[in-house]
Enquirer: 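Structure incoming, see below.
What you see is a predicted model, and the numbers here were worked out from it, not measured in a lab. Computation of the quantities below employed the complete heavy-atom set of this structure, encompassing side-chain atoms and omitting hydrogens, waters and symmetry-equivalent molecules. Whatever order the structure lists ligands and atoms in, that order sets their numbers, starting from 1.
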Amino acid sequence: MDDLAVLNAEPTSAASRSGTTVLSIIIPTLNERENIEPLLSLLTAALPDTEWEVIFVDDDSRDGTAEHVRDLARRNPRVRCLQRIGRRGLSTACMEGVLACASPYIAVMDADLQHDERLLPQMLGALTSGSVDLVVGSRYVAGGGVGDWSSGRVRMSGAATRLARIICKADVADPLSGFFMCRREIFEVALRRMSGQGFKVLLDLLASSPEPPRIRELPYSFRERQRGASKLDTMVAWEYGMLLADKLVGRFVPVRFALFGLIGGLGLVVHLATLWVALNLLAIGFGAAQAIATIVAMTSNFVLNNQFTYRDQRLRGLKLLRGLAIFYLICGIGAIANVGVASYAFTSSHTWWLAGVAGAVVGSVWNFAMSSVFTWRPR
Ligand code: GDD
Ligand code: MN
């Protein structure tokens with residue numbers, strides 16, 4: 001590794017760079033401080049004949065990744081830092097990295113050295129030859145591999161890959177790869193339709209492309225992570241499910257609304273169960289029991305929505321309490337609207353179930369719309 005070349009690039013080397021940047025490498029980071037310098041050395045060694053830059057899109061890591069990147073950027077003009085505050089998400093990080101650069105070719109890779117940077121020149125070669133639009137670093141074509149994953153993770157990844165092929169418009173062996181390079185236009189025509197949910201930016205890109213891009217897959221072996229920790233937890237699987245659902249039915253029903261409704265339905269079950277316990281086991285009077293059941297159901301709805309529906313904007317600590325108070329208020333008004341609309345519908349139609357459904361629909365749409373704005377504010 002040529003660390004010196006990285007660290008001692010004089011400011012004048014900005015002027016000595018022969019031309020405009022051809023390749024921007026977008027690297028999402030979350031607590032990857034230790035990996036930045038080794039990665040930079042590897043990139044420098046891998047791309048001696050290319051005008052490249054690297055943009056680290058950091059979600060306000062606690063370990064000082066962004067400061068470290070800026071420090072390197074002061075000495076090496078190929079390095080840039082895009083720091084986001086109060087935001088999370090690998091996919092949106094990559095999307096914003098793309099929007100922050102102007103190069104005709106864009107690569108996306110991880111910071112943790114698991115992706116083989118030696119593939120980059122070959123990927124770029126394939127793109128500049130004009131025969132393809134997108135090159136995927138693939139673990140699942142001949143010559144590629146996943147290193148020594150546990151059999152559990154191999155099976156999980158295989159299942160997730162098969163699911164992905166359903167929503168993917170292109171025939172790719174490894175649509176979940178986090179390592180790829182493409183012509184800039186491929187992103188540009190898809191960006192506005194991308195869901196940005198979760199980890200799977202390539203899949204999102206492919207599923208959101210108006211025309212299937214011409215793809216080549218190049219094999220590589222997924223390396224072992226040496227420093228820092230993986231961010232893949234069970235909730236990444238959940239977010240993956242949300243991405244699939246969004247791509248499958250998002251056109252007809254917003255996935256968040258469907259989830260919100262589902263949790264609302266569950267809330268009804270919670271309400272009735274609490275009411276039953278309060279009346280029969282605790283022998284509380286009906287009015288008080290109904291009030292308790294309402295609060296329990298609203299609280300459980302809040303917790304579940306915070307955990308699942310709005311996972312990407314999850315509230316914690318004091319904000320959680322504040323959010324809960326707002327949620328009570330919104331649902332209270334929603335309940336009044338529900339009863340009002342239902343009563344009106346009943347006096348005009350006299351069909352009890354139609355009136356009931358009308359009230360419930362108005363109430364839930366209100367609750368959903370208001371809490372998306374006031375409880376879980378989009379960041
Ligand atoms: N900005 C930002 N925000 N970066 C993130 C976030 C986030 O919320 N979460 C993770 N990252 C960064 C990590 O710092 C790392 O550089 C990269 O995204 C991948 O995270 P890992 O935690 O190392 O994921 P992995 O190794 O389990 O999975 C990766 O490889 C798979 C196979 O290629 C990901 O790229 C997967 O999408 C991919 O399927
Ligand atoms: Mn990794």
Side-chain angles (χ1 to χ4, degrees), residues 25-36 38-40 42-43 54-66 68-69 80-98 100 107-117 119 136-141 144-150 152-154 156-161 163-164 168 172-181 196-206 217-237 239-240 243-244 311-314 379:
I25 305 163
I26 313 291
I27 306 198
T29 58
L30 193 61
N31 299 323
E32 302 284 1
R33 189 179 208 280
E34 303 286 290
N35 284 314
I36 304 295
L39 176 63
L40 212 47
L42 293 177
L43 290 177
V54 56
I55 304 180
F56 292 94
V57 187
D58 185 65
D59 282 350
D60 214 16
S61 298
R62 296 288 112 189
D63 70 348
T65 303
H68 187 49
V69 169
R80 291 172 58 194
C81 177
L82 179 60
Q83 184 177 6
R84 308 195 304 170
I85 295 178
R87 308 269 309 278
R88 272 294 156 82
L90 200 163
S91 277
T92 56
C94 295
M95 290 159 71
E96 285 168 39
V98 171
V108 171
M109 70 190 283
D110 292 349
D112 56 8
L113 314 188
Q114 293 194 278
H115 294 154
D116 192 340
E117 74 295 331
L119 221 57
V136 180
S138 179
R139 297 162 292 177
Y140 300 130
V141 293
V146 292
D148 20 296
W149 274 3
S150 68
R153 182 152 183 197
V154 171
M156 278 266 291
S157 180
T161 303
L163 273 175
C168 197
V172 197
D174 194 358
L176 300 182
S177 174
F179 182 31
F180 60 95
M181 193 189 289
Q197 277 281 343
F199 253 51
K200 304 305 177 190
V201 61
L202 174 62
L203 177 63
D204 198 3
L205 178 66
L206 292 174
E217 287 187 82
L218 297 176
Y220 81 100
S221 298
F222 198 64
R223 292 190 290 226
E224 191 95 20
R225 185 190 256 276
Q226 304 293 341
R227 303 172 204 79
S230 170
K231 281 88 207 171
L232 191 120
D233 56 18
T234 45
M235 270 306 146
V236 167
E239 286 176 349
Y240 181 52
L243 171 67
L244 292 179
R311 181 166 184 84
D312 50 339
Q313 296 158 50
R314 210 166 358 151
R379 289 182 182 134

Enquirer: Side chains of R225 and N35, heavy atoms from C-beta outward: is any pair under 4.5 Å?
Expert: yes

Enquirer: With only distance considered, is S177 within less than 3.5 Å of ligand 1 through an N or O on each side?
Expert: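 The answer is no, given that S177 and ligand 1 share no N or O pair closer than 3.5 Å.
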
Enquirer: Do T92 and R87 pass the side chain to side chain contact (heavy atoms under 4.5 Å, CB included) test, and can you show the C-alpha distance, the side-chain angles, and the key distance before you say yes or no?
Expert: CA-CA 9 Å; T92 56; R87 308 269 309 278; 4.3 Å; yes

Enquirer: Report yes if R88 has an N/O atom closer than 3.5 Å to an N/O atom of ligand 1; otherwise report no.
Expert: no

Enquirer: So R80 and F56, do their side chains get closer than 4.5 Å, heavy atoms only?
Expert: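 The answer is no, as the side chains (C-beta and beyond) never meet within the 4.5 Å cut-off.
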
Enquirer: How close does the nearest protein non-hydrogen atom get to atom 21 (P) of ligand 1, and which residue and atom is it?
Expert: R225 NH2, 3.7 Å

Enquirer: Ignoring angles and geometry beyond distance, decide whether A93 reaches within less than 3.5 Å of ligand 1 through its nitrogen or oxygen atoms.
Expert: no

Enquirer: Identify, by atom number and element, the atoms of ligand 1 in contact range of L176, meaning under 4.0 Å from any of its heavy atoms.
Expert: 38 (C), 39 (O)

Enquirer: If you compare all heavy atoms of G196 against all heavy atoms of M95, which two are closest, and at what distance to 0.1 Å?
Expert: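 Closest approach of G196 to M95, heavy atoms only: CA-SD, 3.9 Å.
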
Enquirer: Can you tell me if, anywhere in S230, an N/O/S atom lies at a distance from the Mn ion (ligand 2) that is smaller than 2.8 Å?
Expert: no

Enquirer: Suppose we measure from atom 36 (C) of ligand 1 to each protein heavy atom; which comes out shortest, and what is that distance?
Expert: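 Of every protein heavy atom, K200 NZ, 3.6 Å lies nearest to atom 36 (C) of ligand 1.
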
Enquirer: Which of the atoms of ligand 1 are close to Q114, meaning less than 4.0 Å from one of its heavy atoms?
Expert: 23 (O), 26 (O)

Enquirer: Any chance you could measure S177, atom OG, to L202, atom CG, to the nearest 0.5 Å?
Expert: 6.5 Å

Enquirer: What's the spacing between K200 NZ and L243 CG if we round to 0.5 Å?
Expert: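 The distance works out to 9.5 Å.
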
Enquirer: Can you report which non-hydrogen protein atom sits closest to atom 8 (O) of ligand 1, along with the distance?
Expert: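 Checking every protein heavy atom, the shortest distance to atom 8 (O) of ligand 1 gives G89 N, 2.9 Å.
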
Enquirer: Does the residue E96 have a heavy-atom contact with ligand 1, meaning some pair of atoms that are separated by less than 4.0 Å?
Expert: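 For ligand 1, residue contact (heavy atoms, under 4.0 Å) with E96 is absent.
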
Enquirer: Check each heavy atom of V57 against ligand 1 and say whether those closer than 4.0 Å belong to the side chain, the backbone, both or neither.
Expert: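 The answer is the backbone of V57.
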
Enquirer: Using a heavy-atom cut-off of under 4.0 Å, does the side chain or the backbone of K231 touch ligand 1, or both, or neither?
Expert: both

Enquirer: Do the side chains of L119 and M181 get nearer than 4.5 Å, heavy atoms only?
Expert: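 Of all side-chain heavy-atom pairs linking L119 with M181, none is under 4.5 Å.
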
Enquirer: How far apart are the closest heavy atoms of Y220 and D116, and which atoms are they?
Expert: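 That would be CD1-N, 3.8 Å.
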
Enquirer: Grab the two heavy atoms, one from I26 and one from V98, that are nearest each other, plus how far apart they are.
Expert: CD1-N, 3.8 Å

Enquirer: I'd like to know whether ligand 1 has R139 as a neighbour, heavy-atom separation below 4.0 Å.
Expert: yes

Enquirer: Does ligand 1 come near enough to F222 that some N or O of the ligand is less than 3.5 Å from an N or O of the residue?
Expert: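 In this structure, F222 places no N or O atom under 3.5 Å from an N or O of ligand 1.
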
Enquirer: Give yes or no for whether the N/O distance cutoff of 3.5 Å, strictly under, is met between T29 and ligand 1.
Expert: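 Yes; at least one N/O pair falls below 3.5 Å.
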
Enquirer: Given L202, D110, V146, which has its nearest heavy atom closest to atom 19 (C) of ligand 1?
Expert: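 Looking at heavy atoms only, the winner is D110.
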
Enquirer: Just how far is it from atom OH of Y140 to atom CD of E217, taken to the nearest 0.5 Å?
Expert: 11.5 Å

Enquirer: Is there side-chain contact between K231 and E32, with at least one heavy-atom pair below 4.5 Å?
Expert: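 Yes, side chains in contact.
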
Enquirer: Any idea which atoms of ligand 1 are less than 4.0 Å away from a heavy-atom of D112?
Expert: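 Counting atoms of ligand 1 from 1, those under 4.0 Å from D112 are 23 (O), 26 (O).
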
Enquirer: I want to confirm something. Looking only at heavy atoms, which of F179, F56, F199, F180 is nearest to atom 28 (O) of ligand 1?
Expert: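 Looking at heavy atoms only, the winner is F199.
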
Enquirer: Can you sort out which atoms of ligand 1 are near G178, meaning under 4.0 Å from one of its heavy atoms?
Expert: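 Counting from 1, the qualifying ligand atoms are 33 (O), 35 (O), 38 (C).
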
Enquirer: Taking only non-hydrogen atoms of R87, do any sit less than 4.0 angstrom from ligand 1?
Expert: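 Judged by the 4.0 Å heavy-atom criterion, R87 does not count as contacting ligand 1.
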
Enquirer: Tell me, do L113 and P38 make a side-chain contact under 4.5 Å, heavy atoms counted?
Expert: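 Yes, their side chains come closer than 4.5 Å.
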
Enquirer: Just jot down the ligand 1 atoms closer than 4.0 angstrom to any heavy atom of A111, in number order.
Expert: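 Listed by number with element, the hits are 16 (O).
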
Enquirer: Judging by distance only, is a nitrogen or oxygen of A229 under 3.5 angstrom from one on ligand 1?
Expert: no

Enquirer: For ligand 1, which atoms, with element, lie under 4.0 Å from some heavy atom of D59?
Expert: 1 (N), 2 (C), 3 (N), 7 (C), 8 (O)

Enquirer: List ligand 1 atoms under 4.0 Å from S230, heavy atoms only on the residue side.
Expert: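 Taking each heavy atom of S230 in turn, ligand 1 has 22 (O), 27 (O) under 4.0 Å.
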
Enquirer: Find out whether L244 and L203 are in side-chain contact, i.e. whether some heavy atom of one side chain is under 4.5 Å from a heavy atom of the other.
Expert: yes

Enquirer: How far apart are the closest heavy atoms of V201 and C94, and which atoms are they?
Expert: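 Heavy-atom minimum between the residues: CG2-CB, 4.0 Å.
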
Enquirer: Does H115 come within less than 4.0 angstrom of ligand 1, counting non-hydrogen atoms of the residue?
Expert: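 Yes, that is the case, since the closest heavy atom of the residue is under 4.0 Å from the ligand.
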
Enquirer: Decide whether an N or O pair under 3.5 Å exists between R84 and ligand 1.
Expert: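 Between R84 and ligand 1 (N or O atoms, distance only) the closest approach is not under 3.5 Å.
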
Enquirer: Which ligand 1 atoms are under 4.0 Å away from a heavy-atom of E32?
Expert: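 Checking each atom against E32, I get 13 (C), 14 (O), 15 (C), 16 (O).
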
Enquirer: Do you know the tightest heavy-atom contact between P175 and T161?
Expert: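 P175 and T161 have their closest heavy atoms at CD-CG2, 3.7 Å.
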
Enquirer: Please report which non-hydrogen protein atom sits nearest to atom 12 (C) of ligand 1, along with the residue it belongs to and the distance in Å to one decimal place.
Expert: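 Scanning the protein heavy atoms, the shortest distance from atom 12 (C) of ligand 1 goes to P28 O, 3.4 Å.
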
Enquirer: Mind checking the CG-OG1 spacing from D110 to T29? Nearest 0.5 Å is all I need.
Expert: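 Going from CG on D110 over to OG1 on T29, the span is 10.5 Å.
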
Enquirer: Considering only protein heavy atoms, which is closest to atom 18 (O) of ligand 1, and at what distance to one decimal place?
Expert: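 Answer for atom 18 (O) of ligand 1: L90 CD1, 3.3 Å.
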
Enquirer: Assess D112: does it contribute an N, O or S atom lying under 2.8 Å from the Mn ion (ligand 2)?
Expert: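 True for D112.
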
Enquirer: Record the part of R153 in heavy-atom contact with ligand 1 below 4.0 Å; permitted values are side chain, backbone, both and neither.
Expert: side chain

Enquirer: Does a side-chain heavy-atom distance below 4.5 Å link D174 with F222?
Expert: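 When only atoms from C-beta onward are counted, F222 and D174 do not touch, as no gap falls below 4.5 Å.
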
Enquirer: Quick check: do I27 and M109 have side-chain heavy atoms less than 4.5 Å from each other?
Expert: yes

Enquirer: Run down the list D60, L30, T161 and name the one with the heavy atom closest to atom 6 (C) of ligand 1.
Expert: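 When every heavy atom of D60, L30, T161 is considered, L30 comes closest to atom 6 (C) of ligand 1.
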
